[in-house]
Amino acid sequence: MSEEKSLNFLEEIIEKDLADGKYTSIVTRFPPEPNGYLHMGHATSICLNFGLTKKYAGYTNLRFDDTNPVTEDTEYVDSIKEDIQWLGFEWKQELYASDYFDTLYKYAVTLINKGLAYVDDNTAEHIAAQKGTHTEAGIDSVYRQRSIAENLDLFARMKAGEFADGEKILRAKIDMAHTNMLMRDPLIYRIKHTHHHRTGNKWCIYPMYDFAHGQSDSIENITHSICTLEFIPHRELYDWFIEKLEIFPSHQYEFARRNLSYTVMSKRKLKQLVEDKHVAGWDDPRMPTISGMRRRGFTPQSIRTFCDKVGIAKRENIIDFSLLEFCLREDLNLTALRAMAVLDPLKLIITNYEEGKTEQLVSENGPDEAYGTRIVPFSKALWIEREDFMEEAAKKWFRFAPGASVRLKSAYILRCDTFDKDETGKVTVIHCTYFPESKSGNDTSGIAVKGTIHWVCATHAAIAEVRMYDRLFKVEIPSSEEGDFKDYINENSLTITQAYIEPSLINATMQNRFQFLRKGYFCLDKESTKDKIIFNRTVTLKDAWAKEVKKS
RNA sequence: UGGGUUAUGGUGUAAAGGUAGCACAACAGAUUUUGAUUCUGUUUGUCUAGGUUCGAAUCCUAGUAACCCAACCA
């Protein structure tokens with residue numbers, strides 16, 4: 001009954017902590033900086049942090065890491081909250097590092113009083129030069145020996161706004177010869193005469209990441225503070241501050257960020273794509289942002305499943321995009337409504353069907369009976385997919401060709417007799433004969449056909465714009481290629497076409513997900529209106545025939 | 001010429017000295033009124049070299065490779 005799923009390394013740590021009685025419940029946090037939109041990489045972290053406290057007793061806080069007022073804005077706060085909720089997670093408290101500015105200031109004073117921090121008057125350049133290199137020790141600043149009293153006075157005056165940006169800075173006094181560069185008297189409080197999105201103009205000094213993150217964790221009693229691998233060197237500093245400040249000992253654990261093939265996942269690169277207009281915005285359906293994927297038609301469930309299947313570890317990785325698509329199709333197959341749409345139309349005339357007659361046929365809406373049925377109109381003139389006809393049938397061809405019989409989904413079996421071409425050689429219409437006794441549901445014709453295709457009645461069809469997307473980049477790992485990553489953008493990542501859709505689709509809503517039979521999964525785009533219906537193709541269906549063709 | 005982290009099929013992830021497993025991908029077949037779904041089967045792997053052991057992905061030694069670290073960013 002119970003399938004024992006093995007634990008990832010974080011779950012092992014947590015189970016041990018719980019078993020040892022170190023904690024009775026756990027607290028995690030998701031700490032975005034409100035300076036951009038969330039992407040698939042953040043989704044990983046969200047699923048991890050919130051997932052852990054769903055699995056084990058405890059809760060997760062949402063904490064905005066807003067210590068740099070220059071780049072941060074409330075606009076991002078709202079989008080981040082929307083994305084987390086859309087993914088299906090609930091935070092216990094909505095918090096901000098800026099909530100702790102008073103406490104953080106006191107912590108800095110504590111450090112000064114212990115002789116563990118000092119005000120440095122050197123310029124940024126000079127401080128950098130004195131830092132040393134990976135192989136050479138740094139040099140002590142001449143201000144390192146300032147008295148506690150003087151440091152206290154100077155720091156208070158920094159806070160009071162007596163100095164200009166960059167004129168002075170507070171540093172921890174650790175070890176300028178330390179092998180970990182971050183321990184070489186790190187900068188902890190800098191002067192920025194900048195308006196903050198939450199604290200307004202109250203402060204002109206702001207703590208650096210290292211002096212805010214761990215302490216915020218501690219203030220919130222975070223038991224397991226989970227971040228990505230590049231923060232490993234920071235852990236030593238994280239622990240140092242907690243020890244010297246004698247505050248709640250939160251612990252930091254690191255995992256490898258997930259990389260997806262054929263896309264980029266850094267905020268900086270995504271921003272470039274938007275600013276250089278390679279995409280239409282942060283929520284362009286081709287973007288790996290949460291908002292882009294939502295618009296494209298991804299379901300929260302599919303993203304959660306994906307994160308779960310990928311697992312969590314500490315090694316570098318590039319995950320196949322096909323796994324994400326698999327999770328998407330798996331979910332959509334169970335939930336999407338079925339409908340018919342012809343994307344690249346070819347006219348079909350049923351020679352022996354009565355002119356002006358319309359039949360109301362019944363077709364199923366979903367993968368099982370619970371979804372019910374709907375009516376689709378059928379008459380003498382239809383649209384079928386151009387690729388469902390061949391002038392000369394290929395080997396293993398199940399679709400229309402002169403003399404070949406095919407079933408139209410939920411309708412009749414038709415035999416193709418002839419076809420017309422225009423002067424350019426393009427097929428304009430195919431003429432077929434239908435078998436009245438082959439009607440779907442009570443077929444007494446005894447005719448067996450290999451293929452079933454979708455269609456739309458020409459006299460009742462509605463028109464929609466369909467936007468089809470392909471991968472954003474032509475190479476698996478754009479950032480590891482020669483030159484600029486933008487050189488590898490797939491210029492054919494968006495194809496817009498006009499489609500004939502069955503009349504029931506006029507009533508589609510933004511909440512609906514559709515499978516257009518044999519063509520893929522689709523959803524309404526946010527730009528869709530009553531007068532201009534626009535569908536996004538979320539993902540294609542698997543196509544065994546396309547693969548067959550590719551082989552030969 | 002420092003320090004840190006990581007190495008398991010094409011990809012991701014398990015196996016805590018005892019049969020290298022799972023998923024995706026690929027391939028072959030069955031079913032199918034979606035060439036979808038579903039079902040069955042197949043191929044492919046322990047970074048290298050030594051050592052310990054009845055037995056090593058796992059322990060030891062020595063290498064190799066990849067990634068991260070010198071922003072008043074997070």
Side-chain angles (χ1 to χ4, degrees), chain A residues 3 5-8 12 31-33 35 65-68 70-72 97 120 123-124 127-138 165-171 178-182 184 187-192 205-206 208-210 212-213 227-236 254 256 258 261 267 306 309-327 329-330 333-334 338 340 363-364 367 396-399 406-411 413 438 440-441 443 449-454 476 515-520 540-548:
Chain A
E3 224 170 86
K5 208 198 162 204
S6 53
L7 305 176
N8 65 47
E12 278 177 8
E33 185 187 10
N35 70 345
D65 229 335
D66 56 350
T67 56
N68 185 4
V70 178
T71 57
E72 294 152 7
D120 196 327
T123 61
I127 290 173
Q130 287 195 322
K131 194 156 188 182
T133 67
H134 291 142
T135 49
E136 278 172 68
D165 289 9
E167 206 177 315
K168 293 203 170 3
I169 193 152
L170 186 70
R171 302 177 70 178
H178 205 289
T179 53
N180 181 349
M181 301 292 284
L182 283 159
R184 319 244 262 227
L187 281 24
I188 59 178
Y189 249 102
R190 77 289 217 192
I191 301 169
K192 274 183 194 284
I205 56 171
Y206 295 95
M208 299 283 288
Y209 167 84
D210 286 305
H213 202 102
C227 60
T228 45
L229 251 32
E230 68 268 27
F231 287 95
I232 289 177
H234 293 254
R235 189 175 63 230
E236 196 170 12
E254 311 86 8
R258 266 70 159 277
S261 59
K267 230 183 254 181
F306 172 75
K309 279 192 196 287
V310 165
I312 196 81
K314 299 185 79 155
R315 68 186 89 113
E316 297 288 320
N317 58 73
I318 304 124
I319 301 155
D320 264 8
F321 200 82
S322 60
L323 179 59
L324 218 204
E325 291 187 331
F326 169 83
C327 296
R329 292 188 182 112
E330 185 185 43
N333 179 47
L334 294 175
R338 310 289 129 128
M340 293 197 281
S363 192
E364 62 275 16
K396 295 194 214 166
W397 179 253
F398 302 166
R399 287 117 90 155
V406 171
R407 173 172 290 283
L408 297 199
K409 174 69 183 172
S410 299
I413 292 174
S438 68
S440 189
D443 181 354
V449 292
K450 280 246 174 113
T452 299
I453 65 168
H454 63 282
E476 271 202 310
Q515 183 196 105
F516 291 172
L517 253 46
R518 306 205 301 136
K519 292 276 87 179
T540 59
L541 254 31
K542 277 213 229 161
D543 191 343
W545 174 250
K547 215 181 260 180
E548 187 71 33

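Sequence lines set the chain letters: A, B, ... in the order given, protein chains first and strands last, and positions in each chain run from 1.
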Using a 4.0 Å heavy-atom cut-off, does [X] contact any base of the nucleic acid, only the sugar-phosphate backbone, or nothing at all?
| X | value |
| --- | --- |
| A/H134 | base |
| A/G138 | nothing |
| A/T133 | base |
| A/K519 | nothing |
| A/F231 | base |
| A/Y209 | base |
| A/R184 | nothing |
| A/A313 | sugar-phosphate |
| A/I453 | nothing |
| A/Q515 | base |
| A/E12 | base |
| A/R329 | nothing |
| A/K450 | nothing |
| A/N333 | sugar-phosphate |

Whole angstroms only, please: what is the [atom1]-[atom2] distance between [X] and [N]?
| X | N | atom1 | atom2 | answer |
| --- | --- | --- | --- | --- |
| A/E230 | B/A70 | CD | C1' | 17 Å |
| A/K267 | B/A71 | NZ | P | 20 Å |
| A/F326 | B/C24 | CZ | P | 4 Å |
| A/D543 | B/A26 | CG | P | 12 Å |
| A/W545 | B/U37 | CH2 | P | 17 Å |
| A/E236 | B/G4 | CD | C1' | 10 Å |
| A/N317 | B/G9 | CG | P | 13 Å |
| A/L229 | B/A7 | CG | P | 10 Å |

Looking only at N and O atoms, is any donor in the side chain of [X] or the base of [N] less than 3.5 Å from an acceptor on the other one?
| X | N | answer |
| --- | --- | --- |
| A/S410 | B/U33 | no |
| A/H234 | B/A74 | yes |
| A/R518 | B/U34 | no |

Distance between [atom1] atoms of [N] and [M] (Å, rounded):
| N | M | atom1 | answer |
| --- | --- | --- | --- |
| B/U64 | B/A49 | C1' | 10 Å |
| B/U31 | B/U48 | C1' | 48 Å |
| B/G45 | B/U5 | C1' | 23 Å |
| B/U52 | B/C60 | P | 15 Å |
| B/G50 | B/U44 | C1' | 28 Å |
| B/U58 | B/G4 | P | 23 Å |
| B/G21 | B/A15 | C1' | 7 Å |
| B/A65 | B/G17 | P | 31 Å |

Quick one: is [X] getting a side-chain N or O under 4.0 Å of the [N] phosphate, OP1 or OP2?
| X | N | answer |
| --- | --- | --- |
| A/R235 | B/C69 | no |
| A/K409 | B/U32 | no |
| A/K547 | B/A26 | yes |
| A/K168 | B/C72 | no |
| A/T67 | B/A74 | yes |

With the side chain of [X] defined as its heavy atoms from C-beta on, choose the nearest nucleotide among [options].
| X | options | result |
| --- | --- | --- |
| A/R315 | B/U8, B/U33, B/C24 | B/U8 |
| A/I232 | B/C72, B/U5, B/A16 | B/U5 |
| A/R190 | B/U37, B/C24, B/A74 | B/A74 |
| A/M208 | B/C24, B/C72, B/U34 | B/C72 |
| A/K542 | B/A25, B/A74, B/U6 | B/A25 |
| A/E316 | B/U34, B/C67, B/U11 | B/C67 |
| A/M181 | B/U37, B/C69, B/C73 | B/C69 |

So, taking the atom named [atom1] in [X] and the one named [atom2] in [Y], what distance separates them when rounded to the nearest 0.5 Å?
| X | Y | atom1 | atom2 | answer |
| --- | --- | --- | --- | --- |
| A/T67 | A/R190 | OG1 | CZ | 5.5 Å |
| A/T179 | A/E236 | OG1 | CD | 7.0 Å |
| A/T540 | A/R329 | OG1 | CZ | 4.5 Å |

Watson-Crick/G-U partner (both atom distances under 3.5 Å) of B/A23: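 Paired with B/A23, as far as the under-3.5 Å criterion goes, is B/U11.
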NZ/NE/NH1/NH2 to OD/OE distance under 4.0 Å, A/K409 and A/E364: yes
Over all atoms of both residues, closest heavy-atom pair of A/I127 and A/L187: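 Answer, listing the atom of A/I127 first, then A/L187: CG2-CD1, 4.1 Å.
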Check: A/R407 and A/S438 side chains under 4.5 Å, non-hydrogen atoms: yes
Donor-acceptor pair, side chain of A/N317 and main chain of A/I319, under 3.5 angstrom: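 Here the side-chain-to-backbone pair does not exist.
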Parallel, tilted or perpendicular: ring planes of A/Y209 versus A/F231, cut at 30 and 60 degrees: tilted
Residue met sooner reading RNA chain B from 5', once A/W397 and A/L182 are mapped to nucleotides: A/W397
